[in-house]
Colleague: 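Shown below is the structure under consideration.
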Amino acid sequence: MIPDASLAALSDTFFSVSIALYSLAVVAFAAQLAFGRRPVRTPELVGAGAAPDRPVAEPEQGRRWGLAALALTALGAGAHAAVLVTRGLATDRLPWGNMYEFATATVLVAVVAYVVLAVRSPGLRHIGLFVLAPVVLSLVLIGLYLYAEAGPLVAALRSSWLAVHVTTAILGFGIFFVSGIASLLYLVRSRYESRVAGGEAANDAGLLSRLPDATALDRVAHRTAVFGFPIWTFAVIAGAIWAESAWGRFWGWDPKETWAFIAWVIYAAYLHARTTAGWRGRPAAWVNVVGLVVMIFNLLYVNMVSTGLHSYGGVN
Amino acid sequence: MTVSAPPREAAAPPPPARPSLGARAAARLLREWRRLTAMRTAIVLLFLLALAAVPGSLLPQRSLSANNVTLYFREHPDLAPVLDRLYLFDVFSSPWFAAVYLLLFVSLIGCVLPRAMEHARAVRAAPPAAPRHLLRLPDAGELTTPLPAGTALDVVEEELRVRRYRVVRREGELSAEKGHLKETGNLLFHLSLVALLLGLAGGKLWGYEGSILVTEGQGFCNSFQQYDTYSSGALVDSGDLAPLCVDLSEFRAEYEPDLTASSFTADISYGPPGEEGRATTIGVNDPLRVDGERVYVTGHGFSPTFSVTRPGGTAITDVSVPFLPADQTTMASEGALKLPDLGTGSDDQLALEGFFAPTGVVQGGVLTSVDPRPLAPQVAVVVYEGYLGLDSGIPQSVYSLDAAQIDRGRLTEAGAANLSVGESLTLDDGTTVTFTGYREFAAMQYSHDPGQGWVLGAAIALLLGLLGMLLLRRERVFARVTPRPGDGGTVLTVASLTRGSGENGLRFAALSDDLTGALAARTANGPEVSPRDP
Ligand code: HEM
């Protein structure tokens, strides 16, 4: 079928709109951190060398900025979802048939995962800046370098396994994205906390003091990874089942398969590390970060540089 | 690496009537130490496995494309042999890759089997006795109630049974447990990994794969002699392949308006040799499956057909040969037709090398293809006469002429032309070569992998185990009652120990609230509902 040009153009407009809304959300999140400063602590507490406590009551102004930022993020996510819906309608197929669409959908999952977390535990709203800034950056890069015209699917992708395999891969990837960012923030924040515990004066005005405490970040990272891991496992298995009917073997160490396997093994190592003495804390968090790097590498390098059976990227 | 002390599992209470405290502690430490070292080894081995897979994706692999490996050898003549000696072009079948995963699996089995036996015992055993210092558990609290001790424990027991805990009462205390399924899931997951590896290994040993180009009107039977290329496991008996023949009657490629390929289908008939075949259609994502054997269409192309007439009258009509697509978007294809048996002498052979365009356009004498569909097929051919060298003992590609024979002057060019269907080229000696049309061919792959059903089963079990292990919780709740001095009331100490993710503190708070409520309700109802404590 011939793609509907006006719907395809609408989809591109929504793409710009969502970037604009997310950028506003980034500004609002930054304002939340700037204005959400805690009242200066009493000297006795600092003198006692107290570890940084969680923000007791956030000043009203900061809280309002935080809510505005969250609302902008949600609006942006609406526009972001519309990018995919209109693409799907324009081409009359699932809107993840090439790298542009796949990457766009993955970023949407990451945003939605963050919004769900932030709604459920308000303490996590403070990491919004660090989620939304990479989101905006990713979308800009996707728009610049991965963009592909709306078009029909190649024969090999016309299978119901596209819905199963690619959808779960997107879900898993998006969730790992949030998990990896939480681990990165954990690494930064836990260093700050040990500096403070080591007697250095806490900088109440600094960004780091505004982050959720390290334990909370570590827990979010772990719980999102625990959520993402079975989904990713399922995506890999579904991919193998699809490969069996499309390519004649369920596993052939095609570059994409190899890197999916590497990512899987690294996330398994992360889950182990979290429960193993000597690996808990910072080493485990690094493993999670490496996992995210591998996922991103798998998306970019394997589609754009190496050639394999998965080269349906639509990027030349 | 620093070795930190094993985390103290506060739960395990000293089981009654066992050897001395020192021996028990030593045995326990040893066990804990073993488990920790094994887990650490497992993490390191997992990393090694991930690392070991990396070169397999960065360097060309023989299993994926022998051609790319040859190219790499040509581009890096010094480096390539060194890499090859390190198995870097066969990473996934290399001894060192195998060493890593075998070590990992030994570690895994060594760790999981004892755990499985322990688990089997734990499932049947009663929940362990309450630890001495309940208030040291991560979630613990004290409640007071005017109820007598026994009644208070009754209330706790009821509340826990409603929540489907298994409960045992002991002297003035109570232990409850639920969620053995979490550990079962963990074991299922790890054992499935082993099963999956066995399935993979079996498939590699007893499986095989052959590929062949089949032109419309032709077919093949499942035997290694017939395949263009094949690979087979070490334990495959080549005389014992499933007797299955496949004939291709028609191949169809369909395209979207923007020339994206939308479907490839092949009408085939299949069955045992010598029997009337059953007709079916296979295509991309839709292979033939019979009794565990699979036949795929993996590609397609064109086989131009030619008729050749010698001046003496010898003629060959409608010979065709597959031309390999050089460009998938326009299906411009290249190939060669060799006719060694036209004349009487060994120098009387004829061959043509050519270029096929399904929709041809000639510009400045050069033929190119502009469309993958056969709308205006044309060929550009160069005809050679002389000696092909087919019986020289050196194997030749079916798809091109031996350039050495041309260089040596044994094969000489006798004519060249661009031809549309029906057009002929007449050579100086009177031989005519006519381009009579084309047939389509399908690239087919025959696969036999007896392990794959087993692998699928293991993968499903693995996923179920994973879900159980990650989503379920094993919860233990302990309670102890002590009389409140003076008034006949009771102090109830409750604690819980949970393994697994989740908001344990919140859940424990909810349990405490419910217990407080239940105790209050029982107090209000008076002693008549608790006949055990008159
Ligand atoms: C192919 C290699 C392996 C993979 C992919 C794997 C995967 C996993 C995963 C994903 C978990 C869940 C962690 C969690 O509960 O959050 C786990 C738990 C566990 N694994 Fe493995 N594992 C592997 C090898 C091993 C080996 C070799 C051992 C034994 C030394 C082992 C022992 C354990 C134990 C004891 C747990 C439970 C941790 C706990 O619940 O505290 N695993 N494994």
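Just so it is clear, the structure is predicted and the values come from calculations on it, not from any experiment. Here is the naming used below: chain letters follow the sequence lines, and residue numbers restart at 1 for every chain.
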Colleague: Could you walk me through whether B/L46 and A/H272 pass the side-chain contact (heavy atoms from CB on, under 4.5 Å) test, one step at a time?
Modeller: CA-CA 10 Å; B/L46 281 170; A/H272 276 88; 4.0 Å; yes
Colleague: A/W253 vs B/F97 aromatic rings, parallel, tilted or perpendicular, using cut-offs 30° and 60°?
Modeller: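 Judged by the thresholds at 30° and 60°, the geometry between A/W253 and B/F97 is perpendicular.
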Colleague: The criterion is ring-ring contact (aromatic ring centres under 6.0 Å, His included); which residues satisfy it with B/F89, sequence neighbours excluded?
Modeller: B/Y72, B/F73
Colleague: Which of residues 233-243 of chain A get closer than 4.5 angstrom to chain B, counting heavy atoms alone?
Modeller: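 The stretch touches chain B at A/T233, A/F234, A/I237, A/I241, A/W242.
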Colleague: Which region of B/L456, side chain (C-beta onward) or backbone (N, CA, C, O), has a non-hydrogen atom less than 4.5 Å from a non-hydrogen atom of chain A, or is it both or neither?
Modeller: side chain
Colleague: To the closest 0.5 Å, what do you measure between CH2 (A/W232) and CG (B/L466)?
Modeller: 14.0 Å
Colleague: Can you give me the closest heavy-atom contact between B/A53 and A/T258, atom names plus distance?
Modeller: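 Shortest heavy-atom contact: O-CG2, 3.5 Å.
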Colleague: Check whether A/F261 gets within reach of chain B through its side chain, its backbone, both or neither, counting any heavy atom under 4.5 Å.
Modeller: side chain
Colleague: Return the OG to CG distance between B/S262 and A/L157, rounded to the nearest 0.5 Å.
Modeller: 12.5 Å
Colleague: Going through the distances and angles, do A/I262 and B/L51 end up as a side-chain contact (heavy atoms from CB on, under 4.5 Å)?
Modeller: CA-CA 8 Å; A/I262 292 173; B/L51 210 61; over 6 Å; no
Colleague: As a quick check of understanding, evaluate side-chain contact (heavy atoms from CB on, under 4.5 Å) for A/F250 and B/D449, giving each step before the final call.
Modeller: CA-CA 10 Å; A/F250 63 89; B/D449 181 348; 3.4 Å; yes
Colleague: Can a donor-acceptor pair be found, under 3.5 Å and without considering hydrogens, that links the side chain of B/Y296 to the backbone of A/E244?
Modeller: yes
Colleague: Just wondering, do B/D286 and A/S245 contact through their side chains at under 4.5 Å, heavy atoms?
Modeller: no
Colleague: Heavy-atom count check: over 12 atoms from other residues, nucleotides or ligands less than 6.0 Å from B/E254 CD?
Modeller: yes
Colleague: Could you go step by step and tell me if A/W161 and B/N285 meet the side-chain contact (heavy atoms from CB on, under 4.5 Å) rule?
Modeller: CA-CA 9 Å; A/W161 286 105; B/N285 283 315; over 6 Å; no
Colleague: Which atoms of A/W259 are under 4.5 Å from chain B, going by heavy atoms: the side chain, the backbone, both sets, or neither?
Modeller: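 The answer is the side chain of A/W259.
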Colleague: Is the OH atom of B/Y87 crowded by more than 12 outside heavy atoms at less than 6.0 Å?
Modeller: no
Colleague: Measuring from A/W251:CH2 to B/Q452:CD, what's the distance to the nearest 0.5 Å?
Modeller: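 A/W251 CH2 to B/Q452 CD: 14.5 Å, rounded to 0.5 Å.
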Colleague: Sequence neighbours excluded, which residues qualify as side-chain hydrogen bond (donor to acceptor under 3.5 Å, both in side chains) partners of A/S194?
Modeller: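 Partners of A/S194 by the side-chain hydrogen bond (donor to acceptor under 3.5 Å, both in side chains) criterion come out as none, since no residue qualifies.
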Colleague: With a sphere of 6.0 Å drawn around CZ of B/R289, does it hold more than 12 non-hydrogen atoms of other residues, nucleotides or ligands?
Modeller: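 Result for CZ/B/R289: enclosed.
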Colleague: Go through the steps for A/R158 and B/E256 under the test salt bridge (Lys or Arg N to Asp or Glu O under 4.0 Å), then give the verdict.
Modeller: CA-CA 13 Å; A/R158 298 185 185 203; B/E256 296 287 346; 2.8 Å; yes
Colleague: Using non-hydrogen atoms and a 4.5 Å limit, figure out which bit of B/Q445 sits close to chain A: side chain, backbone, both or neither.
Modeller: side chain
Colleague: What salt bridge (Lys or Arg N to Asp or Glu O under 4.0 Å) pairs are there with at least one residue in residues 267-278 of chain A, not counting sequence neighbours?
Modeller: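 As it turns out, the salt bridge (Lys or Arg N to Asp or Glu O under 4.0 Å) pairs with a partner in residues 267-278 of chain A, which skip direct neighbours, are A/D218-A/R274.
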Colleague: Side chain from CB out, backbone as N, CA, C, O: work out which of these in B/E209 comes under 4.5 Å of a heavy atom of chain A, or both, or neither.
Modeller: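 The side chain, not the backbone.
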Colleague: Would you mind telling me which of B/T298, B/V91, B/L463, B/V284 has the largest number of heavy-atom pairs within less than 4.5 Å of chain A?
Modeller: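 Top option by heavy-atom pairs under 4.5 Å: B/L463.
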Colleague: B/R294 side chain to A/G248 main-chain N or O, any donor-acceptor pair under 3.5 Å?
Modeller: yes
Colleague: Specify the closest pair of heavy atoms between A/P255 and B/L64, including all atoms of both residues, with the distance to one decimal.
Modeller: CD-CD1, 4.2 Å
Colleague: Hey, what do you get for OG (B/S65) to CG (A/D254), rounding to the nearest 0.5 Å?
Modeller: 11.5 Å
Colleague: Got a second to check how far B/D258's CG is from A/E149's CD, nearest 0.5 Å?
Modeller: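 One finds 11.0 Å between CG of B/D258 and CD of A/E149.
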Colleague: Under a 4.5 Å heavy-atom cut-off, does chain A meet the side chain of B/L462, its backbone, both or neither?
Modeller: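 B/L462 touches chain A through side-chain heavy atoms alone.
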